[in-house]
Amino acid sequence: MITFMNNSDSEEEACNERTSLMSAESPPVPSYQDGLQASEAGEAQKRRTGSNRSPNNIADGEMSDSGVPVRESALENEEEELTLKYGAKHVIMLFVPVTLCMIVVVATIKSVRFYTEKNGQLIYTPFSEDTTSVGQRLLNSVLNTIIMISVIVVMTVFLVLLYKYRCYKFIHGWLILSSLMLLFLFTYIYLGEVLKTYNVAMDYPTLFLVIWNFGAVGMICIHWKGPLQLQQAYLIMISALMALVFIKYLPEWSAWVILGAISIYDLMAVLCPKGPLRMLVETAQERNEPIFPALIYSSAMMWTVGMAKPDTAARGLSQQTWDAAEDGRENHRSPSHADSQMSETRSPVPTRPITSLEELEEEERGVKLGLGDFIFYSVLVGKAAATASGDWNTTLACFVAILIGLCLTLLLLAVFKKALPALPISITFGLVFYFSTDNLVRPFMDTLASHQLYI
Amino acid sequence: MTLAVFFGCTFIAFGPALGLFVFTIARDPLRIIILIAGAFFWLVSLLLSSLIWFIAVKASDPRDEPLQKGLLIFGVMFSVLLQEAFRFLYYKLLRKAIEGLVALSEDGCSPISIQQMAYVAGVGFGLMSGAFSMINLLADTLGPGTVGIHGDSQLYFLTSAFMTMVLIFLHTFWGILFFHGCEHRRWWEITAVVVMHLAVSGSTFCNPLYVGSLVPSYLLMATAAAWAYLLSGGSAQNLWRFLLCLRSGPSPQPGS
């Protein structure tokens, strides 16, 4: 899911694990309430215009009558233009990490043999694809997909229930456990395989030191506070690790069917009124609290804005809506033994700038993208790199297709200004381009290359 | 083949394009998006032309050599025409985008002009075209083997790299020429671009007689470069001043 970053979801009065996405370097900023009181009319105007852009903003209803229409429309145009101007910047702020994650995954797949060897399957995909008949293989992959998606749905619903009944400690424990596993166990395996590939010897004390430092700093950055770029780097790394696990353990056809099914599920879960994500969002909205900011990639810093006074509830609400949404999706989408890991990661959240501090908004606006989106994009490109008969053109085509899908999704985000699923468009383009490049373009380009013809 | 061949060919083929990217495109997010969208449009055109060729080949007799050769020639020409058609479609899309950007801007002018978009679109097309031609070759240079051991040309990688470089430049200049022709309704400019593209692709049929393909391509590139430079507001005087490092005064800087 993609949404703009909100300011207020980042910090609460009490600093706890949930406020982890705050950068330690964010400058002190007058609180939102101060800004409001400072200039009521002007700020109220701006706030209204700012909140006009949200479909479920209560401030809209409150103040829709007052104000000067001309000034409002001018302000609105200005807001929109800022959105578009910063829209392109947001797109690039997401292109770069997605590209980095894909590069890491493709580089690993192409060099480390371990991740392309068949070594068993996950328990979530119990049916084997080693059958001779095509129909049987197809049936097995569809069954695997059904099981995997059901697991995801069950976990989402479980998370929604946990959230509804306020079992925060359980959820936090779950998140911490899964990131522990990713940061320590999977990194250890990855490092081991890379060292084996390049035939480099490393003694256990050094290994322990390296892994311990990497993991400990990662836990702190992800769950508590840390420099923004380090946090982003860690999130990219754990997404890449997760994607590599998927690429290794998902059988061929199942992987493609799962990718397709998950984008459909994403679409439904984020947009349908009865989707688990929607319910999570609404619950968070009622309670006026943010959802777990961990495991979401955020592209910009978030200001420390004082949270929820009742009169700022309106803005706070709409913002938490997005966070709840993303968190729900993140937590339910963990189709691997690292349970809720990526699920959290899938929903980007729009950040709304503090309209009363417009000159500072420029640095502050950003887009959040869930880590699950990173993971599935990388799975698609990684699978293309692993299985496309050694052809780099297919990988490149899938890469461009995914980026264009992301661009279109962000365009829709700028138009609709509510949380959107980030998977469907990109994965559809990616799948279309994978199959067509592998089967149609490859023979053509190979024939051209053998005659050294250029088109 | 060695790392030297790999790095050498990579930098020959993509070095200038990388320079263009780093110095003119990388700073502006809007240009990066236009670049990637241009690459996407080229990709779609390639996909459609491959589809047609694939169907034609499957429908024909695989053992008939002249027919296969003929189908390949047809495939190449059709692909060129389709690429230019998609360039036109991309022009239409960018026109609409400019109108949107103008409508949304405060002072009524778009943050990027159609000429800049033409340039970036050309680079996008060129990069994708070059990448698709060259990447598999570069991957092969890292592996074992001897070039031309069966009697083919030993200069295969080197000439491929040079051909890729000239194609990237050509696409850039063709982008500028094509968009200018569309903007000012000068159909002969558009026709010239199409004819040039067909000529360059056709000349590659002379390979491995590289003098028949590389030399005309470079000459055409020089022509297209000069033409695009003149169309973008350059002149001999500008060039002279630039070479002498003089300030150009009130006239706008090129490449802004």
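Both backbone and side-chain heavy atoms feed into the values below; hydrogens, waters and symmetry mates do not. Reminder, nothing fancy here: chain letters follow the sequence lines and each chain counts from 1.
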Legend entry - chain A contact via B:L47 - side chain, backbone, both or neither, heavy atoms under 4.5 Å: both
Inset, instruction - Identify which part of B:Y210 has an atom lying under 4.5 Å from any heavy atom of chain A, answering side chain, backbone, both or neither. - result: side chain
Inset, instruction - Mind checking the CG-CG spacing from A:N439 to B:L51? Nearest 0.5 Å is all I need. - result: 11.0 Å
Legend entry - Proximal component of B:L167, with respect to chain A [non-hydrogen, under 4.5 Å]: side chain
Inset, instruction - To the nearest 0.5 angstrom, please state how far the CZ atom of A:R442 sits from the CZ atom of B:F54. - result: 9.5 Å
Inset, instruction - For the residue pair A:V441 and B:F132, establish whether any side-chain heavy-atom pair is separated by less than 4.5 Å. - result: yes
Legend entry - Side chain, backbone, both or neither of B:M128 within contact of chain A (heavy atoms, under 4.5 Å): side chain
Legend entry - Side chain / backbone / both / neither for A:I92 at chain B, heavy atoms under 4.5 Å: side chain
Legend entry - Reported CG-to-CG distance for the pair B:N136 and A:D391, which is rounded to 0.5 angstrom: 4.5 Å
Legend entry - Toward chain A, the part of B:S79 with a non-hydrogen atom under 4.5 Å: side chain
Inset, instruction - Taking the side chain as every heavy atom from C-beta outward, state whether B:I33 and A:C407 have any pair of such atoms under 4.5 Å apart. - result: yes
Legend entry - Side chain, backbone, both or neither of B:Q83 within contact of chain A (heavy atoms, under 4.5 Å): side chain
Inset, instruction - Name the option with the most non-hydrogen atom pairs under 4.5 Å to chain A; the candidates are B:L72, B:L137, B:V80. - result: B:L72
Legend entry - Minimum-distance pair of heavy atoms, taken over all atoms of B:A139 and A:W392: CB-NE1, 3.4 Å
Legend entry - More than 12 heavy atoms from other groups under 6.0 Å of CD on A:E117: yes
Inset, instruction - Scan side-chain atoms only and decide if A:Q452 and B:S160 contain a donor-acceptor pair under the 3.5 Å cut-off. - result: yes
Legend entry - Side chains of A:Y454 and B:T164 in contact at under 4.5 Å (non-hydrogen atoms): yes
Inset, instruction - May I ask you to test the A:F95-B:P29 pair for a side-chain heavy-atom distance under 4.5 Å? - result: no
Inset, instruction - Classify the angle between the aromatic ring planes of B:F40 and A:F429 as parallel (below 30°), tilted (30 to 60°) or perpendicular (above 60°). - result: parallel
Legend entry - Contact class of A:L403 relative to chain B, heavy atoms under 4.5 angstrom: side chain
Legend entry - B:T159 portion near chain A, given a 4.5 angstrom heavy-atom threshold: both
Inset, instruction - Assess whether side-chain contact (heavy atoms from CB on, under 4.5 Å) is satisfied between B:L46 and A:I455, documenting all intermediate values. - result: CA-CA 9 Å; B:L46 177 70; A:I455 50 168; 3.4 Å; yes
Inset, instruction - Flag yes if more than 12 heavy atoms outside B:L219 fall under 6.0 Å of its CG atom; otherwise flag no. - result: yes
